[in-house]
Protein chains: 2
Amino acid sequence: MNLKKLSKILGLSQTTVSRALNGYPEVSEATRKKVQEVALAHHYIPNMRAKSLATGRSMAIGHVIPGSTRREIVNPVFADFISGAGEVYAQNDHDMLLSIVADSDEERTYRQLSAKASVDGVIVHGPRENDPRITLLKELGLPFVVHGRAGDNHGDYSWVDVNNRRSFERATEFLFDLGHRKIALINGLEFMDFAQRRKGGYLAAHRKHGRTPDPELMISEEMTEDVGYRRALDMLNRAAAPSAFLVSSMITAIGVRRAISDAGKKMGRDISVVIHDDELSYLPNGVDIPIFTATKSSVRQAGRLCAQMLLDIIREKDLTPRHILLESELTVGESTGAFQK
Amino acid sequence: MNLKKLSKILGLSQTTVSRALNGYPEVSEATRKKVQEVALAHHYIPNMRAKSLATGRSMAIGHVIPGSTRREIVNPVFADFISGAGEVYAQNDHDMLLSIVADSDEERTYRQLSAKASVDGVIVHGPRENDPRITLLKELGLPFVVHGRAGDNHGDYSWVDVNNRRSFERATEFLFDLGHRKIALINGLEFMDFAQRRKGGYLAAHRKHGRTPDPELMISEEMTEDVGYRRALDMLNRAAAPSAFLVSSMITAIGVRRAISDAGKKMGRDISVVIHDDELSYLPNGVDIPIFTATKSSVRQAGRLCAQMLLDIIREKDLTPRHILLESELTVGESTGAFQK
DNA sequence: GTCGGAATCCAAAGCGCTTTGAATGATTTC
DNA sequence: GAAATCATTCAAAGCGCTTTGGATTCCGAC
């Protein structure tokens, strides 16, 4: 079923049928009703390819995910993010186009997405400091929203971010207040912007308390379970073992917890742990009482906000930068306690 | 830059330029070379909307994910799956279209996807027994591949699945051989096909050993960490506590491990655990020695196979059903040991 | 009566590509 | 040397929709 056939059935022109269905005022209410009925009865749904070509809008948003070296796609954090974004797209009748690409192909992918005209805008994931993608997208004139920020110069593009620096500063201070002095930081990959900010917060808190952190206690790696396990175990076996861990992700923290347990210690009593909790659906931080003390911020909600912001930008055709800075909530759970000599 | 301009620059017709770029033989090598050079120099990439309309192929594959009640999308297993599929799409110049929809809208979404012509085929996720989506897709004539199977009648559609029944039968027998008799099964949601098959394997092993499993030890729920924790803890506190757990997912197993630890027991010594390991990138089952004894099968690889199968079906225009049944590997880790009286 | 303007509707152009069917030279065949 | 063949190239139609720029009809107003 297509427009041509449908209008033949109705005895109307394609123009009128198209207008009737798209809510234009130049068509009488009587005919509009009739058209809608017949369209429904014949399961008529406009061919999107044709519609896109005619309108110049593809009604789709692109998400380009680094897939090989940096395995962002498999990061459960990402899954929750696109789940939130997808909700918004569904409500607004948009599609989500996912491209999983090797790092080296990233620029080419964006260029293609823009030239092929298969999307109306993109969400940029996992920004690094001074991320080249941002310059590229501005040059291409393709609307975009960054999930996170890319370095200090973040006034001239749109983004949604968590106040990572503040979160980790507070978390570190919280541990200081409990009496901890040797606090390990198990962070995400060095070149990720959020990791830099979190480190910044961690360092700021140390400065404030007049202390220099032990560089051996600060590590930056991919946020997998086994990294958390191995690194924490290593640290716990050192002479200058930490009494507390500040961990960038729930996944890594699960590894840290395993390490603590394997080292014969008890989390919350012998060793304190504070995590950043993205409120992952499949890894909730306890049900009534939080398992981990955490700086909490829903990444699913961030996905919703990014998507909504991008759709607004596209609809309003207004590229002036918008920003949303989310504050995390510090929730105290069972994984922290006063420092035991 | 578009075809029209490009052909004007070249002093050729659109026909010739199009053919030169698409590798048709009716164009001399000299002109083809020239065309390719100029196209590259001007960053010419054909507009996909127009190309789709003209060819009738959208070069995109749809993945429809239940998003609200059943939160499949946020299942980390899913993330690894689409990562594998995405690889194959990228190699074959296809896009991935992700639709996250409420369960109630699922049928409508498939109809739309088909009518809107925005995809050339779809992957069906999380099949239930006698899944209505399969009938629908056949009726619509939209090529598809199911990840998993939907009940016993699985000869007449294409699928890629793990031999779940056999996996869990072997795993159960493995525990029997170690002397365990009270074996708990912490399974996925009842109506999911894979959960049924795993239960089937678990029951078959029991029958073989002439034992009836305690129904209180068999649970079916969403595969989150906290479900694993709460259910395992409940069971461990019962009079007739199990000595071993058979767990459907790494995520749930992490909760089970936490419960065992909280119950003051040691996994591998006091309580044995066997899991199904989908080889999730962010939750690897140990690096050298496996943490958990597991029936192992890479879901990322399953994603690759599904994608490749679907692309083949579309390319060959041959809808005759194809099947791949993957066998899992039983790897013995540190989470199992002989039954201690 | 005629005119102007609403209210409806329509024919046809256009979105950027592929593809059919035909034209143009160049080359071969008899 | 004319006819037939081949290698290249092109003009134009078509994919299914939107949208521009009229047409047509029907009114009340003058």
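Atoms considered below: every heavy atom in the structure, side chains included; atoms not considered: hydrogens, waters and symmetry mates. So you know, we letter chains A, B, ... as the sequences are listed, proteins then strands, and number each from 1.
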Q. Is a side-chain donor-acceptor pair under 3.5 Å present for B:Arg300 with B:Ser83?
A. yes
Q | Residues A:Ser13 and A:Thr16: side-chain donor-acceptor under 3.5 angstrom | A | yes
Q) B:Gln14 or B:Ala54: which one's nearest nucleotide on DNA chain D is closer to the 5' end? A) B:Gln14
Q. In terms of the nearest nucleotide of DNA chain D, which residue is placed more toward the 5' end: B:Ala50 or A:Glu26?
A. B:Ala50
Provide, to the nearest angstrom, the distance between the [atom1] atom belonging to [X] and the [atom2] atom belonging to [N].
X        : N      : atom1 : atom2 : value
B:Leu3   : C:dG14 : CG    : C1'   : 16 Å
A:Lys116 : C:dC15 : NZ    : C1'   : 18 Å
A:Tyr24  : C:dT8  : OH    : C1'   : 16 Å
A:Asn22  : D:dC17 : CG    : C1'   : 10 Å
A:Asn2   : D:dC15 : CG    : P     : 9 Å
A:Arg49  : C:dT18 : CZ    : C1'   : 13 Å
B:Leu6   : C:dC17 : CG    : P     : 9 Å
B:Leu12  : C:dC17 : CG    : C1'   : 17 Å

Q.
I need the residues from residues 29-48 of chain B with at least one non-hydrogen atom less than 4.0 Å from DNA chain D; give them sorted by number, or say none.
A. B:Thr31
(Q) Using five base pairs at each end to define the local axes, how bent is the helix from C:dG1-D:dC30 to C:dC30-D:dG1, to the nearest 10°? (A) 60°
Q | B:Met1 and B:Leu6: CA distance, side-chain angles, deciding distance, side-chain contact (heavy atoms from CB on, under 4.5 Å) verdict | A | CA-CA 7 Å; B:Met1 179 53 57; B:Leu6 186 68; 4.0 Å; yes
Q. Taking everything shown except A:Lys138 itself, do over 12 heavy atoms lie less than 6.0 Å from its NZ?
A. yes
Q. What is the nucleic acid contact for B:Thr55, judged by heavy atoms within less than 4.0 Å: base, sugar-phosphate only, or nothing?
A. sugar-phosphate
Q. Which part of the nucleic acid, if any, lies within reach of B:Ser28 when heavy atoms closer than 4.0 Å are counted: base, sugar-phosphate only, or nothing?
A. sugar-phosphate
Q: Identify which nucleotide among C:dC15, C:dC17, C:dT19 has an atom closest to any side-chain atom of B:Lys51, counting heavy atoms from C-beta outward.
A: C:dC17
Q. B:Arg19 has a side chain; which of D:dT19, C:dG14, C:dT20 sits nearest to it?
A. C:dT20
Q. When you check the phosphate oxygens OP1 and OP2 of C:dC9, does a side-chain N or O of A:Thr15 lie under 4.0 Å from one of them?
A. no
Q. Is any side-chain nitrogen or oxygen of B:Ser13 closer than 4.0 Å to OP1 or OP2 of D:dC10?
A. yes
Q. Ring centres of B:Phe78 and B:His63 under 6.0 Å apart?
A. no
(Q) Applying ring pair (Phe, Tyr, Trp, His ring centres under 6.0 Å) to A:Trp159 and A:His154, what does each step give before you reach the verdict? (A) CA-CA 8 Å; A:Trp159 49 261; A:His154 49 253; 5.6 Å; yes
